[in-house]
Amino acid sequence: MTEKYNKPDARGHFGVYGGIFVAETLMPAIQELNTAYQHYMEDVEFIAELDKDLQYYVGRPSPLYHAERWSNQLGGAQIYLKREDLNHTGSHKINNTVGQALLAKRMGKTRIIAETGAGQHGVATATVAARLGLECVVYMGAVDVARQSLNVYRMKLLGAKVVAVESGSKTLKDALNEALRDWVTNIDDTFYIIGTVAGPHPYPAMVRDFQAVLGREAKAQCLAQAGKLPDTLVACVGGGSNAMGLFYPFIDDADVKMIGVEAAGDGVETGRHSAPLCAGRPGVLHGNRTYLMSDDDGEIIETHSISAGLDYPGVGPEHAWLKDSGRAQYVNITDDEALGGFYALTRMEGIIPALESSHAMAYVTKLAPTMKSDEIIIVNLSGRGDKDMQTMAKREGIEL
Amino acid sequence: MSRLAATFAELAEKNRKALIPFVTAGDPNPEFTVPLMHAMVGAGVDIIELGVPFSDPMADGPVIQRASERALAHHQSLRTTLAIAKEFRKTNGHTPIVIMGYLNPVEVMGYEKFADAVQAAGVDGVLTVDLPPEEAEECTALLKARGVDPIFLLAPNSSAERVQKMDVIGAGYLYYVSLKGVTGAGHLNAADVEAKLAEIRVNTKLPIAVGFGVKDAETAKVIGNLGDGVVVGSALISQIEANLYSPAQAKMAIIELLTAMRHAMDN
């Protein structure tokens, strides 16, 4: 590439995707946020405080771990895991919430709201809110509240109020709707911490920038440990924040392939899935234009995935752009295949991955054997599987 | 002159204010809406806002969300909403219709096809909640070319600069959302509305309809004295919800409320 990647433009567009599609009542708040974000990302003191928190509170850098036994078993590429599961609170989500909470504090906001699917973003938000002494309300679909009760309890322990959302499909998209309604009602004192690279500008760019720390680390670690850049990056994609964090620092490295793994649920052909990039169409939802799962009338379709964190009908607009431009490829993995990835990593490396990350692991089990043994895959282990113990036990018919 | 402009001009001449009901198309069932629209005209309303059911109505409170869910249960959509407008137009050539909804159904239909369909249905104005002026250029140009007015929202915290933007890109009227929050929430503060409308009028000559928080004849009268029109939505839909087993009863209650509002606004 001759030109350095510099998306989005000033209005938040990644090609035709992204932008600001919200009701007028939210526009002033979004402009206020954008001004603050542009200012503080250039502010030396802010960046220093963020770096300090990432190091001493989150526990960064996270290791890049060479999964030798698993690599040998699969008999192809060398697999390196970016260990975001080792972060405080157990996933990559905290990289972003630490950043946005610092921003909220600088903006003088006293109340934090968030949406959550699997509960990882909710926990990461409740955590930073507790640390900064901010009031915290987390919106979570009633279906997710039931299947992620452990994380609900964690959020409550941390002092957050968890609101079970009963409207629509009672999952992540409905939690987002409800959080937007809260924001528009309490706009003066409230900061909305969106957990993924979606939403109106500046969220997709801002969340990516906060998550990019993991990609920058992975790049430096790979060069240090293997002496060269990876050949392929693999990450699961729901909204797509862990994938964007990994991909972003590599976009200008044209030889590094980037593969996002969507949740195929029961299989893309069944219609019961969460794979808008593989099987959706462009549209507008939650403040941005992107690929969505919607019907011929433009109504949003209910999604399905074994992992609550991937159970979302949209995807970050930068992924939509990366797909259309051909810079990244997007594939999909079914619930059953994801379980295969879950067991593989658990048994081969003694690491229990989150069901979300298991989709990426499952794709690696297909991809690695097709590559040469001197080639490198970095796969983002975006979260740990502790939160999924109940789901897994239930599938195995075990009462915990 | 568009049907909306003509309506506001005529009202101004008679020193009256527009009464603008909002109902979700196809709530509680598809057969309910067209007769209701005619009955509302009989009760003295000036413009009708028809809500397009959407699966994810982010700017709406629980009352209008549930209206959307009831209509969607009958597979109501943007296309059926336009069919309802067309049916109404067969026997009413003068009452302006504004459709109000979210952008995704329009995106999926395609802007040009949408603009053609809106014109063919005899719809006079389009308000797309999540399409602010920054992103609206292409869609509004297609609508204006077909004589359809793009209508925009204004909020209590909209800057003068934004009002100027709406004045240029908008037509028909501007819809002032009198509260921070979702539809159906809270109580109006008349003094706040009055002060804000005075500020807005410095930057636009378009008529201003005021909505969000109009619950009864009394608030309709207060708001009617301040703006050029009064929008009432959740209060009407609450009547549908309270009479789900008797749509006829719901219709009667809606007409009663609108009649009382009309009377209060005119006296």
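Here is the naming used below: chain letters follow the sequence lines, and residue numbers restart at 1 for every chain. Scope of the values below: all heavy atoms of this structure, side chains included, with no hydrogens, waters or symmetry mates.
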### Side-chain heavy atoms of A/Leu285 within contact of B/Met58, under 4.5 Å
yes
### Query
Are the side chain of B/Asp130 and the backbone N or O of A/Ala23 linked by a donor-acceptor pair below 3.5 Å?
no
### Message
Taking side chain to side chain contact (heavy atoms under 4.5 Å, CB included) as the criterion, tell me which of B/Ser77, B/Ser55, B/Pro53 meets it with A/Asp297.
### Response
B/Ser77
### Query
Can you check whether B/Asp56 reaches A/Lys173 side chain to side chain, under 4.5 Å on heavy atoms?
yes
### Query
Which answer fits A/Leu292, side chain, backbone, both or neither, if we ask what part of it has an atom under 4.5 Å from a heavy atom of chain B?
side chain
### Message
I need the contact set between residues 65-74 of chain B and chain A: heavy-atom distance under 4.5 Å, sorted by residue number.
### Response
B/Gln65, B/Glu69, B/Leu72
### Query
In Å and rounded to the nearest 0.5 Å, what is the CD to CG distance from A/Glu299 to B/Leu78?
9.0 Å
### Task
With sequence neighbours left out, write down each residue that passes side chain to side chain contact (heavy atoms under 4.5 Å, CB included) with A/Val162, or none if nothing qualifies.
A/Met140, A/Val152, A/Met155, A/Lys156
### Query
Given that the side chain runs from C-beta out, which part of B/Gln76 has a heavy atom under 4.5 Å from chain A: side chain, backbone, both or neither?
backbone
### Task
Tell me, yes or no, whether the heavy-atom count around B/Lys86 atom NZ, taken from other residues, nucleotides or ligands under 6.0 Å, exceeds 12.
no
### Message
Using a 6.0 Å cut-off, check whether atom CD of A/Glu269 has over 12 heavy atoms from anything other than its own residue.
### Response
yes
### Query
Is it true that atom CG of A/Asp296 has more than 12 heavy atoms of other residues, nucleotides or ligands lying nearer than 6.0 Å?
no
### Query
What pair of heavy atoms forms the shortest contact from B/Pro57 to A/Arg181, and how long is it?
O-NH2, 2.7 Å
### Query
For A/Gln31, is it the side chain, the backbone, both, or neither that has a heavy atom closer than 4.5 Å to a heavy atom of chain B?
side chain
#### Entry: chain A interface, residue from B/Val108, B/Leu131, B/Asn104 that has the most non-hydrogen pairs under 4.5 Å
B/Asn104
### Message
A quick test of your reading: do over 12 heavy atoms of other residues, nucleotides or ligands sit less than 6.0 Å from NZ of B/Lys165?
### Response
yes
### Query
Any ring-ring contact (aromatic ring centres under 6.0 Å, His included) pairs touching residues 11-32 of chain A, not counting sequence neighbours?
A/Tyr17-A/Tyr291
#### Entry: Non-hydrogen side-chain atoms of A/Thr25 and B/Leu153 separated by less than 4.5 Å
no
### Heavy-atom proximity to chain B below 4.5 Å, by part of A/Ser167
both
### Task
Write out, in numerical order, the residues from residues 132-142 of chain B with a heavy atom short of 4.5 Å from a heavy atom in chain A.
B/Pro132, B/Pro133, B/Glu134, B/Glu135
### Query
In Å and rounded to the nearest 0.5 Å, what is the CZ to CG distance from B/Phe54 to A/Asn177?
8.0 Å
### Message
Out of B/Arg79, B/Met109, B/Met166, B/Arg162, return the one with the most heavy atom pairs under 4.5 angstrom to chain A.
### Response
B/Arg162
